[in-house]
Amino acid sequence: MAEILLKNAYVIDPISGINGEVMDIAISGGKIVEEVSSKPEVIDCQGCLTLPGGIDSHTHISGTKVNFGRYMSPEDMRAGRTAKKGPMHITSGYSVPTTYGNSYRYSALGYTTLVEGAVAPLEARHTHEEFKFTPLQDSCANILFDGNWGMLRALEEGDIKRAAAIIAWTLNAVKGFAIKLTNPGGTEAWGFGKNVSCINEKIPTFDLTPAEIIKGAIRANELLHLPHSVHLHCNNLGTPGNFTCTIGTFGHVPDLNDKRQTLYATHVQFHSYGGTGWSDFCSKSEPVANMVNFRPQIVIDMGQVMFGRTTTMTADGPMEFNLYRLHHDKWSNHDVELETGSGIIPVNYRKKNLVNSIMWAIGLELALLVKNPWQCLLTTDNPNGAPFIKYPEIIALLMSKRYRDAEFAMIHQDTEKRVPLPAIDRELDWHDIAVMTRAGQARALGITDLGKGYLMPGAEADIAIYPIKTDEIDPSAEYEKIIQGFARTEYTIKRGRVVSRRGDAIIDGENTTFWVKPKVPAAYDIQHDPTFMELFERNYSVRMSNYPVQEEYLHRNHCIETETDL
Ligand SMILES: [Zn+2]
């Protein structure tokens with residue numbers, strides 16, 4: 001593999017404590033090294049902003065529901081078409097692009113690692129197949145356990161170790177990375193046409209509450225020493241007044257891990273709503289952000305909404321049904337036997353719509369009111385709040401009060417009475433943005449040990465060089481330059497190779513998928529457990545022996561083995 005020497009890079013690398021130093025970076029064998037030996041390819045960065053490769057800790061880019069979003073919206077597929085160019089395949093799709101479309105556009109933004117936010121274990125094979133064709137990024141799959149009958153039964157019996165054993169078997173079988181809970185209990189209830197409205201309400205099919213499922217999964221997660229924490233989509237997404245549920249959930253989270261958070265709560269914008277209905281709908285970002293400020297064991301991501309067309313897609317089947325009843329537009333609904341569900345609805349967030357305007361404000365407020373940027377990461381829950389190509393605009397909004405005010409003047413005029421945004425003066429700086437788009441993600445996901453998220457020797461050479469000279473731009477006033485600068489890297493380097501140059505992919509690239517294999521003692525190897533085997537034989541449409549995803553479905557992959565306390 002060729003060697004590269006980056007000269008005169010203006011580096012911000014929060015994990016290594018570097019905040020704006022001009023330095024050289026040596027790359028060899030796909031890694032950052034102390035020095036290169038022979039005659040390396042030299043790239044003069046000319047003082048441009050150089051960051052570790054971007055990491056999206058919650059996005060939807062691969063698998064069955066993403067694919068369903070594609071063929072459900074031919075109008076979306078017609079948008080965003082690009083022709084074949086060099087090694088680049090034809091792409092199409094705006095909010096739900098083709099796999100290559102996702103990969104090229106993320107790479108143009110400097111992103112090198114993506115976490116698919118929600119994968120039903122039974123359908124994981126499809127996700128892995130699509131990862132393979134998302135070649136310019138490494139990937140991880142969050143595996144849905146919210147309605148997993150095996151795990152729920154174990155939790156019902158109060159047997160956390162058995163729940164952990166089932167999680168371990170499943171993650172290993174489907175080559176997953178982390179535990180995802182989507183509307184825990186509610187999605188399971190939706191299989192019977194029901195939902196839950198409170199974290200302390202018993203779910204209809206098991207003697208459990210959502211709070212008990214969340215707490216049980218958190219303890220199981222820590223018994224398995226998984227790199228990431230439990231990744232939670234709280235109950236009652238999108239419902240006026242749901243902030244009490246969110247705060248109640250955060251209140252249940254213990255502080256169990258000194259290396260990372262104990263709970264990652266995703267797209268919290270959708271969970272910070274006040275009011276008793278749509279008529280008095282308002283922002284409750286302040287109490288939610290305060291709760292995060294007081295609880296270092298919690299990391300959230302924004303789930304920012306941006307105006308325009310997009311597609312919502314989630315395992316939260318009952319929520320999508322409620323959205324369908326509001327919009328009466330296209331709607332897809334899916335139940336995944338014994339595991340979870342999903343729904344898909346195209347939406348158009350409009351500036352003249354009061355509810356949409358308030359949602360837009362709430363996401364920004366969370367990022368500005370959470371004091372520690374390591375605790376609030378930048379996402380749109382792509383494509384739910386907006387397609388990820390909006391990230392540069394979001395960065396500019398966070399760095400410029402003037403830009404926020406200009407946008408605020410364009411949205412629904414009643415928004416001002418319902419949100420605190422106009423009163424917030426904070427403007428994030430370059431370092432904050434580096435934390436919220438890569439360093440924070442790497443730490444929250446627990447992948448710094450794999451060389452992700454920093455730029456010191458030993459790290460993977462995943463690097464984004466932006467055409468931004470920080471001393472020549474006043475982000476507060478020149479927000480257009482921020483948008484332009486983050487929209488297209490000069491160079492995106494992935495595992496030591498330049499994969500994108502000024503927005504175009506220049507090589508085919510190669511994905512690596514990270515997955516976990518907890519080392520479980522024989523007594524907890526659920527593979528031969530008669531009760532678990534019977535659950536499969538009686539209830540699944542798939543034989544237990546056919547369930548695991550064979551390694552040939554993964555292109556390159558890296559297995560993370562963990563010691564367990566079982
Ligand atoms: Zn999501």
Side-chain angles (χ1 to χ4, degrees), residues 55-70 95-97 102 106 111 113-121 123-124 127 130-131 134 139-147 176-184 186-187 190 228-239 242 246 249 263-272 299-306 310-320 322-323 332 334 336 339-347 349 359 362-363 366 376-388 390-391 394 441 444-445:
I55 300 172
D56 199 333
S57 47
H58 189 104
T59 177
H60 301 281
I61 41 122
S62 294
T64 47
K65 72 182 173 321
V66 178
N67 211 40
F68 210 92
R70 290 183 186 119
S95 67
V96 198
N102 275 324
Y106 260 119
Y111 276 71
T113 303
L114 305 174
V115 178
E116 168 51 53
V119 178
E123 296 172 349
T127 300
E130 292 198 358
F131 278 167
T134 309
S139 42
C140 309
N142 283 345
I143 303 299
L144 291 156
F145 284 95
D146 39 76
F177 176 71
I179 300 172
K180 172 75 186 298
L181 302 175
T182 291
N183 185 6
T187 301
W190 179 237
H228 189 34
S229 66
V230 165
H231 194 112
L232 175 68
H233 156 143
C234 291
N235 301 93
N236 292 320
L237 182 145
T239 311
N242 66 7
T246 307
T249 304
L263 182 78
Y264 181 107
T266 189
H267 43 68
V268 172
Q269 176 275 130
F270 291 112
H271 303 273
S272 303
V299 166
I300 66 171
D301 72 57
M302 294 165 71
Q304 176 65 25
V305 157
M306 296 293 277
T310 193
T311 307
T312 67
M313 51 179 65
T314 169
D316 197 339
M319 188 286 293
E320 289 284 30
N322 290 336
L323 199 58
S332 139
H334 178 45
V336 184
E339 291 183 346
T340 183
S342 76
I344 298 157
I345 290 189
V347 293
Y349 296 114
M359 292 165 80
I362 292 172
L366 288 169
C376 183
L377 309 177
L378 191 152
T379 69
T380 57
D381 186 20
N382 166 71
N384 286 292
F388 64 84
K390 298 280 188 181
Y391 285 180
I394 299 170
Q441 276 84 351
L445 293 167

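We count ligands from 1, going down the list as the structure has it; atoms in each ligand are counted the same way. Given the structure is predicted, the values throughout are model-derived calculations rather than measurements.
- Inter-residue side-chain proximity for Thr134 and Ser139 is flagged as unmet; no heavy-atom pair is nearer than 4.5 Å.
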>> Using side chain to side chain donor-acceptor pair (under 3.5 Å), reason through His233 and Asp316 one step at a time and then give a plain yes or no.
In response: CA-CA 9 Å; His233 156 143; Asp316 197 339; 2.8 Å; yes
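- With sequence neighbours excluded, the residues forming a salt bridge (charged side-chain N to carboxylate O under 4.0 Å, His left out) with Glu130 are Arg70, listed by chain and number.
- Tyr391 has its ring centre less than 6.0 Å from the ring centre of Tyr111.
- Taking Ala118 as the reference, His60, Lys65, Leu144, Lys180 meet the side-chain contact (heavy atoms from CB on, under 4.5 Å) condition, with sequence neighbours excluded.
- Taking the side chain to side chain donor-acceptor pair (under 3.5 Å) definition, one finds that Asp301 meets it with Tyr264, Thr266, Thr379, sequence neighbours left out.
- Take a cut-off of 2.8 Å around the Zn ion (ligand 1): the protein N, O or S atoms inside it are His58 NE2, His60 NE2, Asp381 OD1.
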